Number of protein chains: 2
Amino acid sequence: MGLPSNDRNRLPSWRSAAYAAPVTVTLRDVARFADVHPGTASKALNEATRDRVAPATVRRVLEAAERLGYQPNTFARGLRTRRSYAVGVVLPDLTNPLFPPIVRSVEKVLAAAGYTTLIVDTDNDPATEERLMTMLRARHADGFIIATARREHPVAEAGDLVPMVLVNRLTEAALVPAVAGDEAAGIGTAVEHLVSLGHRRIGHLAGPQDLSTGFGRYRAFLDATQRLGLASADCPISFADSYSEASGLRAAREMLAAAPTAIVAGNDLIALGCLDALAEAGLKCPSDVSLVGFNDMPMLARLNPPLTTVHLPQEEIGTEAARLLLDRIARPDGPAKRLLLPCHLTVRGSTARPR
Amino acid sequence: MGLPSNDRNRLPSWRSAAYAAPVTVTLRDVARFADVHPGTASKALNEATRDRVAPATVRRVLEAAERLGYQPNTFARGLRTRRSYAVGVVLPDLTNPLFPPIVRSVEKVLAAAGYTTLIVDTDNDPATEERLMTMLRARHADGFIIATARREHPVAEAGDLVPMVLVNRLTEAALVPAVAGDEAAGIGTAVEHLVSLGHRRIGHLAGPQDLSTGFGRYRAFLDATQRLGLASADCPISFADSYSEASGLRAAREMLAAAPTAIVAGNDLIALGCLDALAEAGLKCPSDVSLVGFNDMPMLARLNPPLTTVHLPQEEIGTEAARLLLDRIARPDGPAKRLLLPCHLTVRGSTARPR
DNA sequence: GTGAAAGCGCTAACAG
DNA sequence: CTGTTAGCGCTTTCAC
């Protein structure tokens with residue numbers, strides 16, 4: 001009596017527990033060991049119901065659980081409570097260096113609250129996204145952090161049905177909590193910086209317009225140039241159809257016909273493509289053309305020239321997203337907070353006075 | 001009759017299903033709709049037992065499931081079958097660009113086999129790793145892909161108790177399946193390349209020796225230089241205590257006292273630190289000192305000079321790791337295959353003939 | 001404050 | 001080939 005009933009996987013004591021095959025010790029085992037009814041053991045183990053059990057009993061149960069290395073069975077608990085303590089994080093592309101820092105901080109906050117993070121990579125494919133969402137739903141994720149950012153996106157309609165937080169995208173409908181960098185302000189700062197250097201012909205290599213970031217930064221560029229009194233004829237715009245060096249190269253070739261003295265790129269990869277286009281055209285950066293990127297991905301400081309770019313507070317974005325989600329899970333009907341975190345311009349060597 | 005018994009979350013049809021709160025349709029609902037017993041419905045739905053059900057019945061059940069949008073409850077199934085169809089992937093650091101491509105291909109293979117990938121980031125901390133492993137175990141992960149690579153690692157002892165595959169590390173004990181790039185060959189190729197350029201004084205900036213990669217590459221360097229007939233006195237070695245630019249810088253400063261004409265770095269980050277040390281010392285790369293990195297992280301081609309480095313087949317590593325694991329889950333007692341995938345040297349601008 | 005009992009949704013062994 | 005039944009491990013009323 002008092003020992004786990006199940007010993008099909010009893011393991012030698014010298015094994016490291018975490019990597020060994022599970023020895024299944026159940027609540028019944030704990031209860032038997034502590035000499036109480038399983039129901040009572042359950043109450044004692046559960047923070048919320050603990051106060052309905054005599055302190056001495058609680059102690060006995062807790063000790064038994066400790067001694068036996070009791071781990072509640074997630075399946076049984078989930079089946080009963082309909083909660084998984086798992087959160088889905090839906091990313092468009094894990095290899096995009098923008099996301100890992102966000103994921104890390106999300107994971108940290110959620111883990112501290114007892115949640116498991118289910119990371120999922122949609123490969124920028126709506127069908128994959130649908131499939132993965134279905135999977136996450138089947139696993140009864142308690143909430144979602146969604147970083148895929150098509151402007152036309154089913155999530156915009158799903159509204160407040162399931163706890164979720166949007167990252168890097170603010171839907172028009174303010175029903176869904178969201179956190180993002182203040183990209184408009186970031187683009188604004190970039191344009192101001194160029195204007196203050198003396199630029200008057202500033203182009204924009206816009207990102208994909210079906211992504212909310214691409215669209216948002218484009219609008220922000222329009223606003224900023226207008227606000228600063230630049231003629232729209234002096235502000236050529238080309239559209240890249242993806243966030244990639246190749247698309248950036250194509251768009252930049254087009255752009256260079258308009259001979260801007262400075263260019264604001266939709267993101268860093270587009271800026272890199274632009275760098276190639278400049279080299280191709282025999283133009284030097286920054287002496288002939290200044291260039292600003294967006295995102296501040298790693299290694300930019302080591303480029304030639306080091307790229308000036310708008311820095312996003314990735315870690316903070318992740319932290320806040322996780323907090324908002326926990327909030328939402330706790331109070332699904334609370335107001336949908338929407339957070340805009342400040343971006344700053346990291347000035348490096350790719351911007352200078354025009355000739 | 002024939003409708004889901006549970007309508008607390010019935011959703012308007014215009015909502016996108018994937019993002020809406022779950023409407024719970026159970027096996028009983030499907031069975032009722034198809035007018036069979038739940039047990040029969042279960043058999044019909046399950047590939048493996050389907051042939052014990054009349055084809056016409058199978059069709060009816062399948063259609064009912066489709067019509068009602070039936071999703072089996074993972075908890076109930078897991079509780080019953082003691083399988084989760086989830087696999088834990090344990091990474092030391094998600095922000096290391098080495099891992100995302102591996103994770104992506106792992107995820108792809110596992111998803112195709114019906115498994116969910118649980119990605120977990122240990123932040124290079126053994127305690128965090130232990131905690132996360134416990135969590136994964138509580139969630140009854142069916143297997144593990146482990147990419148953390150301390151040489152002293154509990155996993156090395158846990159042996160074949162739970163299905164797992166090691167990535168980027170071959171334990172001495174050949175009990176655990178593993179897949180890695182052939183780093184020794186990679187280092188060998190790098191040294192050969194330098195020797196063929198005419199270098200005779202070749203240094204090594206070794207990575208942390210408590211990591212199996214750091215140690216393995218160090219040994220490979222020793223082997224290669226000896227094999228090629230270089231005097232060990234001509235092959236200075238400094239140790240970086242982490243894979244970082246800062247550590248690389250420190251180790252490189254030390255190394256430069258020995259005046260090698262070429263340096264093989266333990267990884268790319270160490271190589272970057274080395275680049276800084278060279279600049280500091282007023283040495284030009286590659287004209288004064290040639291430099292080779294390891295891993296081929298992104299952006300290296302855009303550096304000044306573009307870094308020559310050993311390329312790891314990350315995608316293939318991930319694919320093979322996932323396959324090995326599926327194998328292992330299917331036949332836990334099969335032989336532990338150990339795969340060594342070829343690395344190739346990507347020659348760029350940081351290596352040249354010595355003066 | 002504790003015990004008893006029901007049941008979450010599923011699968012698998014066994015009967016028919 | 002189909003139905004019946006039991007039970008995975010847990011939480012949660014409801015009695016006592």
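The chains referred to below are lettered A, B, ... by the order of the sequence lines, with proteins before strands, and numbering in each begins at 1. Predicted model only: the values in this text are computed from it and were never measured.
The nucleotide whose nearest atom lies closest to any side-chain atom of B/Leu79 is, among D/dT11, D/dT13, D/dG9, D/dG9. Comparing D/dG7, D/dC1, C/dT2 by their nearest atom to the side chain of B/Arg80 picks out D/dG7. Residue B/Ala54 has its side chain nearest to D/dT2 when only C/dG1, C/dT11, D/dT2 are considered. In the set C/dC10, D/dC10, D/dC1, D/dC10 carries the atom at the smallest distance from any side-chain atom of A/Ala76.
Counting to the nearest Å, the P atom of C/dG9 and the NZ atom of B/Lys43 are 20 Å from each other. Atom-to-atom, CZ of A/Arg60 to C1' of C/dG1 comes out at 12 Å; the value is rounded to the nearest Å. Straight-line distance from the CD atom of A/Glu47 to the C1' atom of D/dT11: 16 Å, rounded to whole Å. For the pair B/Asn46 CG and C/dA13 P, the computed distance is 12 Å after rounding to whole Å. If you take CG of B/Leu45 and P of D/dT2, they are 14 Å apart, rounded to a whole angstrom. Between the C1' atom of D/dC1 and the CG atom of B/Asp51 lies a distance of 11 Å, rounded to the nearest Å. Between the CG atom of A/Asn73 and the P atom of C/dC8 there is a distance of 18 Å, given to the nearest Å. The nearest whole Å value for the distance from the OH atom in A/Tyr70 to the C1' atom in D/dT11 is 10 Å.
Electrostatic pairing of B/Arg323 and B/Asp327 does not count as a salt bridge here, judged by no charged N lying under 4.0 Å from a carboxylate O. A salt bridge is defined here as a Lys NZ or Arg NE, NH1 or NH2 lying under 4.0 Å from an Asp or Glu carboxylate O, and B/Glu63 with B/Arg59 fails to meet this definition. Under the 4.0 Å criterion applied to side-chain N and carboxylate O atoms, A/Asp123 and B/Arg104 are assigned as salt-bridge partners.
At least one side-chain nitrogen or oxygen of B/Ser42 sits closer than 4.0 Å to the OP1 or OP2 atom of C/dT11. Between B/Thr40 and D/dG3, a side-chain N or O to OP1/OP2 separation shorter than 4.0 Å is present. For D/dG9, the OP1/OP2 oxygens have a side-chain nitrogen or oxygen of B/Arg82 closer than 4.0 Å.
B/Thr148 and B/Glu129 are linked by a side-chain donor-acceptor pair at a separation below 3.5 angstrom, with hydrogens and angles left out of the test.
With DNA chain D read from its 5' end, the first of the two nearest nucleotides for B/Gly39 and A/Arg28 is the one closest to B/Gly39. For the pair B/His37 and A/Thr57, nearest-nucleotide mapping onto DNA chain C gives the more 5' position to A/Thr57.
Enclosure of atom CZ in A/Arg83 by more than 12 non-hydrogen atoms of other residues, nucleotides or ligands within 6.0 angstrom is indicated.
Among the heavy atoms of the strands lying under 4.0 Å from A/Thr81 are primed sugar atoms or P, OP1, OP2 only; no base atom is included. Nucleic acid contact class of A/Arg52 (heavy atoms, under 4.0 Å, all strands): base.
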